[in-house]
Amino acid sequence: MAQDSADWNSDDDLDLQIDNYQSSPPSSPPAAVPSSDELFATLVDMGFSPENIARAIDEYGPNADTVVIIDAISKYTVTCEASSSKSKTIDHFLAMGFEEEKVIKAIHEHGEDNIEEIANALISSAAEVSPKIKEEEDIEWSESDDEKYANFLSSDDEKVSDSSSENGNQLRSLMNMGFSELEASLAIERCGTGEDVSIADLADFICAAQIAREFDEFHADPEEQKPNVKKRRIEPRREPRSSAADDEPLRLPNPMIGFGVPNEPGLITQRSLPAMARMPPFFYYENVALAPKGVWDTISSHLYDVPPEFVDSKYICAAARKRGYVHNLPISGRYQVQPPPKYTISEAFPLTKKWWPEWDKRTKLNCILTVNASAQLTNRIRLALEPYGGEPPESKKKYVIEQCKKWNLVWVGKNKAAPLEPDEMETLLGFPKNHTRGGGMSRTERLKSLGNSFQVDTVAYHLSVLKPLFPYGINVLSLFTGIGGGEVALHRLQIPMKTVVSVEISAVNRNILKDFWEQTNQKGTLIEFADVQDLSNEKIVELMKQFGGFDLVIGGSPCNNLAGGNRVSRSGLEGDQSCLFYEYCRILDVVRETTKTMRRS
DNA sequence: GGCATGATGATCACTTGC
DNA sequence: GCAAGTGATCATCATGCC
């Protein structure tokens, strides 16, 4: 089928296509080197404390390499967690947002044990500074919170407006500490006022409320998110949950848009990661959303309790693809790779419009699978429709629509519905046209590999936050690489790949990635391995020492035993292929531990 | 031997009707 | 609230043709 001439990968010449998408700037192109403000905001979004970020930037300078900054923050965090040398009192007040210098001074003046006096001194000090109004951030509040806040304002107007009241003082004090008025008011409303409730308790309450939103920002019942006043800012790592019985099983969101997708409302730009998930490297794991019950609970529990981000790619491109992504990437500052994917079938394949019957209401295709309809089906549909001109009976329409949805057919002639060609699938999935062509791949193998691949635009949208963090390039460990969806995404984002260590069992898929690497004139190093089970811990450490560690561990383990289409062996994570998920966990753990060791030395 | 083709349900989430 | 119906799903395997 001919393609829209404006399509980003529609040129026949592969080199030209590559040039096309290399040179296309992103819609909101980030600076090559992030400003200190951008860096600060991104690191806050990653879950690092503002105090540690400021400390690291102060120590190494605003132009220091991002990796150095993260490294320094990690060290502070480790030190903080271990409470080895730094006073817990200092940590306590640093976590509340006070400046370290003033905290130390207050402790010196009032003694380390006199918490209340230290707090009062710091608050007085903060009040002397000219008021700095912090803009309302994207904090999710339930309707009941809004209602309570409104009631609070209406019923306690006098208290709030009375500058001499305890309530008003506490409100102002909390706002001076950088909390929003809404946060401060809710804390006062829920904790009460008086001598038995200190500013420190209120600040702790707000911090605890932020922690309480760590998990399941989408799914959790607000009633179940009552924060614990005594909850600490940094939680110890929880042991993997042995069964889903302890917690409510993960549920798929509707609409399935994760933390938000371009062109759709409901964007979320803040989340708090479990403490154990915050340390480097970044990881990004993908698999089918519609896995057997309990599978995603298991996956999440083995990946540091990070809740999956479920996204259906139909909200980004013209084909559905329901997937879960577990990652520790920032979610603020995402942008869509350019040019954006075609959003509907008619936009993706404009020539089909001419033949598309009015009674076929589809605007999106279903998920691209690993098998395709036979050419014979096109003939059967033609024979079913031809006797009726343009208006077949309902029974025929129903049969044809059913087959079209089942096999993802598009209209390419009068009464002629045909399966997608591999290059059309490449377009839908965000790959360069002919990406899977050659390399010794048969048509059947192309279909299988494409059916198993990432939707590049979706993955690129998630990975786009790495662009300002790695202006000088990134080291990637790519597990279950397939045809290189992650690498194509990074390339389309124009994030230089310094090193890619790829592990992929299929020889033809490895050839595809190698071809892509050469065709796109990558300057970095590509190393390919065949089997994750052969990638020993020692080898991983050796590679990391050779290349200076990995910044990103990306991959989607086999879904064969999870996918709904498997009628033979849908046996879950313990299946012959899908059990390789545990290899991803093993390797990620080794990378994390080695990263920690390397950065301490 | 390589490849295309077609037959083979189960599971899950969601909708609908009562 | 519950049961039945509906639709979607990164698949596997045997068979026949070239």
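Proteins get letters first, then strands, A, B, ... in listed order; numbering begins at 1 in each.
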Taking the minimum atom-to-atom distance to the side chain of [X], which one of [options] wins?
X: A:N566; options: B:dT5, C:dC10, C:dT12; answer: C:dT12
X: A:L369; options: C:dA11, C:dA8, B:dT11; answer: C:dA11
X: A:R251; options: B:dC14, B:dA13, C:dA8; answer: B:dC14
X: A:S442; options: C:dA11, B:dC3, C:dC10; answer: B:dC3
X: A:A563; options: B:dG9, B:dT11, C:dC10; answer: C:dC10
X: A:R323; options: C:dC10, C:dT12, B:dC12; answer: C:dC10
X: A:K322; options: B:dC3, C:dA8, B:dA13; answer: C:dA8
X: A:R567; options: C:dT9, B:dG9, B:dT11; answer: B:dG9

* Sort out the partner of B:dC14 for me: Watson-Crick or G-U wobble, both distances under 3.5 Å, none otherwise. =>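 By the stated definition (distances under 3.5 Å), C:dG5 pairs with B:dC14.
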* **Partner nucleotide, any strand, of C:dC17 [Watson-Crick/G-U, under 3.5 Å]** =>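 Result: B:dG2.
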Grab the [atom1]-[atom2] distance between [X] and [N] for me, whole Å please.
X: A:K293; N: B:dA10; atom1: NZ; atom2: C1'; value: 14 Å
X: A:L252; N: B:dT11; atom1: CG; atom2: P; value: 17 Å
X: A:K448; N: C:dT12; atom1: NZ; atom2: C1'; value: 9 Å
X: A:N560; N: C:dC10; atom1: CG; atom2: P; value: 11 Å
X: A:N452; N: C:dT9; atom1: CG; atom2: P; value: 15 Å
X: A:K406; N: B:dT8; atom1: NZ; atom2: P; value: 10 Å
X: A:M256; N: C:dT9; atom1: CE; atom2: C1'; value: 12 Å
X: A:L290; N: C:dA11; atom1: CG; atom2: C1'; value: 14 Å

For a quick check of understanding: with a heavy-atom distance under 4.0 Å over all strands, which category does [X] fall into, base, sugar-phosphate or nothing?
X: A:Q376; value: sugar-phosphate
X: A:S571; value: nothing
X: A:G556; value: base

* Given that A:K405 and A:S569 both sit by DNA chain C, which one's nearest nucleotide is further toward the 5' end? ->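 With A:K405 and A:S569 compared, the 5'-side residue is A:K405.
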Below 6.0 angstrom between ring centroids: does that apply to [X] and [Y]?
X: A:H327; Y: A:Y285; value: no
X: A:Y325; Y: A:F310; value: no
X: A:F516; Y: A:H435; value: yes

* B:dT5 and C:dC10, which share atom name P, separated by this distance in whole Å ->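 Taking atom P in both C:dC10 and B:dT5, they lie 23 Å apart.
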* Asked: Using the C1' atom in both, what is the distance from B:dT8 to C:dT9, to the nearest Å?
  ->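 Result for the C1' pair: 15 Å, nearest Å.
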* Is there a side chain to side chain contact (heavy atoms under 4.5 Å, CB included) between A:W355 and A:K416 once you walk through the steps? -> CA-CA 8 Å; A:W355 309 109; A:K416 189 177 179 184; over 6 Å; no
* Asked: If each of A:R443 and A:G564 is mapped to the nucleotide of DNA chain B with the nearest heavy atom, which maps nearer the 5' terminus, i.e. the 5' end?
  ->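 The residue mapped nearer the 5' terminus is A:R443.
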* Nearest-nucleotide wise, let me know which of A:V568 and A:V371 is further upstream toward the 5' end of DNA chain B. =>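 Comparing both residues, the 5'-ward one is A:V371.
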* To do: Using a strict cut-off of less than 4.0 Å between a Lys/Arg side-chain nitrogen and an Asp/Glu carboxylate oxygen, indicate whether A:E424 and A:K433 qualify as a salt bridge.
  =>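 Not counted as a salt bridge, because no side-chain N and carboxylate O are separated by less than 4.0 Å.
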* Does the side chain of A:N254 get closer than 4.0 angstrom to OP1 or OP2 of B:dA13 through an N or O atom? ->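 No, no such contact exists.
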* Is there a side-chain polar atom (N or O) of A:N561 under 4.0 Å from OP1 or OP2 of C:dA11? ->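 The answer is no; no side-chain N or O of A:N561 sits under 4.0 Å from OP1 or OP2.
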* Expected output: side-chain A:Q522 to main-chain A:G524 donor-acceptor under 3.5 Å ->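 No; zero donor-acceptor contacts below 3.5 Å.
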* Look at the rings of A:F480 and A:Y584 and say which category their plane angle falls in: under 30° parallel, 30 to 60° tilted, over 60° perpendicular. =>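 Plane angle under 30°, so parallel.
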